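Being a predicted model, the structure only gives us computed values, none of them experimental. What's counted below: heavy atoms across the whole structure, side chains too, no hydrogens, waters or symmetry copies.
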Amino acid sequence: MGFYRKYILPRATHFACSLKPAMLQRGKVVPLASGRVLEIGIGSGLNLPFYAPGKVEHLWGLDPSRENWALLDGRRAPVDFDFEFLEASAEAIPLDTASADCVLLTYTLCTLPDVPAALEEMRRVLKPGGQLIFCEHGAAPDADVRRWQDRLNPLWRRVSGGCNLNRAVPDLLRQGGFSIQEMAAGYIPGWKPASFNFRGVARPR
């Protein structure tokens, strides 16, 4: 799996995450970010074009895979703010406590190995009054779709770099110590088991 994870998976992930329906969702949430922003799972930098000019002071882009980040090296959209890449996991964020105004999660929660630990870290690095902006796919409300998500998930997780089809995003956020301030949920165009989408804003309780 070493060759697959290093060379094939980053390109497959970039392709899937750059499809039009997902990019349209990114365009709805990324502009909400402001101040000192921590993006969890920056991957190949697909969110960079959507940050609102003049709103971001500094961006930390965290990702455990330098292969993902290197995929588009030199071809990313220019930005008007300071940027720093952090090669690290969400379960051990190398930032000081209360150092970020905003944490951004887009199509990342599905792959985190230890969601409670990662959310605890996000709460730690957020300043008082800071916000978590999220856009994720997850468990569908329809029983038929949910059954397929559960059936396919073990195999899907193996071939997709740890992505889970059936995580209950709102429940995980609440269990992780966040209060959801606003949220929209529904299907976006695409493969049904991976197309139920949640987007919104949450704050630490």
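For the pair Asp80 (side chain) and Gly54 (backbone), a donor-acceptor distance under 3.5 Å is present. At least one donor-acceptor pair closer than 3.5 Å links the side chain of Thr111 to the backbone N or O of Thr108.
Annotation: salt bridge (charged side-chain N to carboxylate O under 4.0 Å, His left out) contacts of Asp101 (sequence neighbours excluded): Lys127. Looking at residues two or more places apart in sequence or on another chain, you find no salt bridge (charged side-chain N to carboxylate O under 4.0 Å, His left out) involving Asp82. Residues satisfying the side chain to side chain contact (heavy atoms under 4.5 Å, CB included) test with Leu9, not counting sequence neighbours, are Tyr4, Arg5, Thr13. Scored by the side chain to side chain contact (heavy atoms under 4.5 Å, CB included) test, Leu126 finds Val103, Phe178, Pro204 as partners (sequence neighbours excluded). In this view, Pro10 and Glu67, Asn68 satisfy the side chain to side chain contact (heavy atoms under 4.5 Å, CB included) rule, not counting sequence neighbours. Legend: residues meeting side chain to side chain contact (heavy atoms under 4.5 Å, CB included) with Pro94, ordered by chain and number and at least two apart, are Leu62, Leu86, Ala88. Taking the salt bridge (charged side-chain N to carboxylate O under 4.0 Å, His left out) definition, one finds that Arg123 meets it with nothing, sequence neighbours left out. Arg124 is linked by a salt bridge (charged side-chain N to carboxylate O under 4.0 Å, His left out) to Glu121, counting only residues two or more places apart in sequence or in another chain.
Note that the CG atom of Leu104 and the CG atom of Leu59 stand 8.5 Å from one another [nearest 0.5 Å]. Atom CH2 of Trp60 and atom OG of Ser99 lie 4.5 Å apart (nearest 0.5 Å).
Note on Val29: it clusters hydrophobically with Leu48, by side-chain heavy-atom contacts below 4.5 Å among ILVMFWY residues. Note on Val145: it does not cluster hydrophobically with Leu155, by side-chain heavy-atom contacts below 4.5 Å among ILVMFWY residues. At a threshold of 4.5 Å between side-chain heavy atoms, the hydrophobic network of Ile, Leu, Val, Met, Phe, Trp and Tyr places Ile188 and Phe196 in two separate groups. Grouping the Ile, Leu, Val, Met, Phe, Trp and Tyr side chains by contacts below 4.5 angstrom, directly or via other members, places Leu105 apart from Val37.
Heavy atoms from other residues, nucleotides or ligands lying under 6.0 Å from CD of Glu84 number more than 12. Around CZ of Arg11, the count of heavy atoms belonging to other residues, nucleotides or ligands within 6.0 Å does not exceed 12.
Across every non-hydrogen atom of His14 and Leu46, the tightest pair is CE1-CD2, 3.4 Å. The two residues Asp150 and Pro154 make their nearest non-hydrogen contact at O-CD, 3.5 Å. Summarising the geometry of Phe83 relative to Phe85, their closest heavy-atom pair is CE2-N, 3.7 Å, with the distance given to 0.1 Å. Of all heavy-atom pairs between Ala118 and Leu112, the closest is CB-CD1, 3.7 Å. Residues Ile40 and Ala90 approach most closely at CG2-CB, 3.8 Å, considering heavy atoms. In this structure, Ala139 and Arg146 approach most closely via the heavy-atom pair CB-NH1, 3.3 Å.
A ring-centre distance under 6.0 Å is found for Tyr51 and Phe81.
Using a 4.0 Å cut-off between charged side-chain N and carboxylate O, Asp171 and Arg174 make a salt bridge.
Between Glu136 and Asn197, the closest side-chain pair of non-hydrogen atoms is not below 4.5 Å. By the 4.5 Å heavy-atom criterion applied to side chains, Val56 and Ser34 are not counted as neighbours. Contact annotation: the side chain of Cys135 never approaches that of Phe198 to less than 4.5 Å [non-hydrogen atoms, C-beta and beyond]. Contact annotation: the side chain of Cys102 never approaches that of Leu38 to less than 4.5 Å [non-hydrogen atoms, C-beta and beyond]. The side-chain heavy atoms of Val201 and Leu132, taken from C-beta on, include no pair separated by under 4.5 Å. Between Asp63 and Glu87 the shortest side-chain heavy-atom distance does not fall below 4.5 Å. Arg167 has its side chain within reach of Val115: a pair of non-hydrogen atoms, C-beta onward, lies under 4.5 Å apart. The shortest distance between side-chain heavy atoms of Phe134 and Leu109 does not fall below 4.5 Å.
Under the salt bridge (charged side-chain N to carboxylate O under 4.0 Å, His left out) criterion, the residue pairs touching residues 21-36 are Arg36-Glu57, with sequence neighbours excluded. Among pairs with a residue in residues 180-205, none fulfils salt bridge (charged side-chain N to carboxylate O under 4.0 Å, His left out), at least two apart in sequence or across chains.
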Set out, in order, the CA-CA distance, both residues' side-chain angles and the distance that settles side chain to side chain contact (heavy atoms under 4.5 Å, CB included) for Leu173 and Leu119, then state yes or no. CA-CA 8 Å; Leu173 293 177; Leu119 290 174; 4.0 Å; yes

Apply the test side chain to side chain contact (heavy atoms under 4.5 Å, CB included) to residues Asp96 and Val125: give CA-CA distance (whole Å), side-chain angles for both, the deciding distance (0.1 Å), then the verdict. CA-CA 6 Å; Asp96 293 335; Val125 302; over 6 Å; no

With salt bridge (Lys or Arg N to Asp or Glu O under 4.0 Å) as the test, would you mind laying out the steps for Asp144 and Arg147 before giving the verdict? CA-CA 5 Å; Asp144 289 345; Arg147 277 194 290 271; 2.2 Å; yes

Could you walk me through whether Val30 and Leu32 pass side chain to side chain contact (heavy atoms under 4.5 Å, CB included), step by step? CA-CA 5 Å; Val30 178; Leu32 302 176; over 6 Å; no

Side chain to side chain contact (heavy atoms under 4.5 Å, CB included) for His137 and Cys110? Distances and angles first, verdict last. CA-CA 7 Å; His137 72 89; Cys110 60; 3.5 Å; yes

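In this structure, a donor-acceptor pair under 3.5 Å is present between the side chains of Asp142 and Tyr187. Under the 3.5 Å distance criterion, with hydrogens and angles disregarded, a donor-acceptor pair is assigned to the side chains of Glu39 and Asn47.
Counting side-chain heavy-atom gaps under 4.5 Å among Ile, Leu, Val, Met, Phe, Trp and Tyr, the cluster of Phe15 also holds Leu19. Grouping Ile, Leu, Val, Met, Phe, Trp and Tyr by side-chain contacts under 4.5 Å, direct or through others, puts Leu165 with Trp148, Leu152, Trp156, Trp191.
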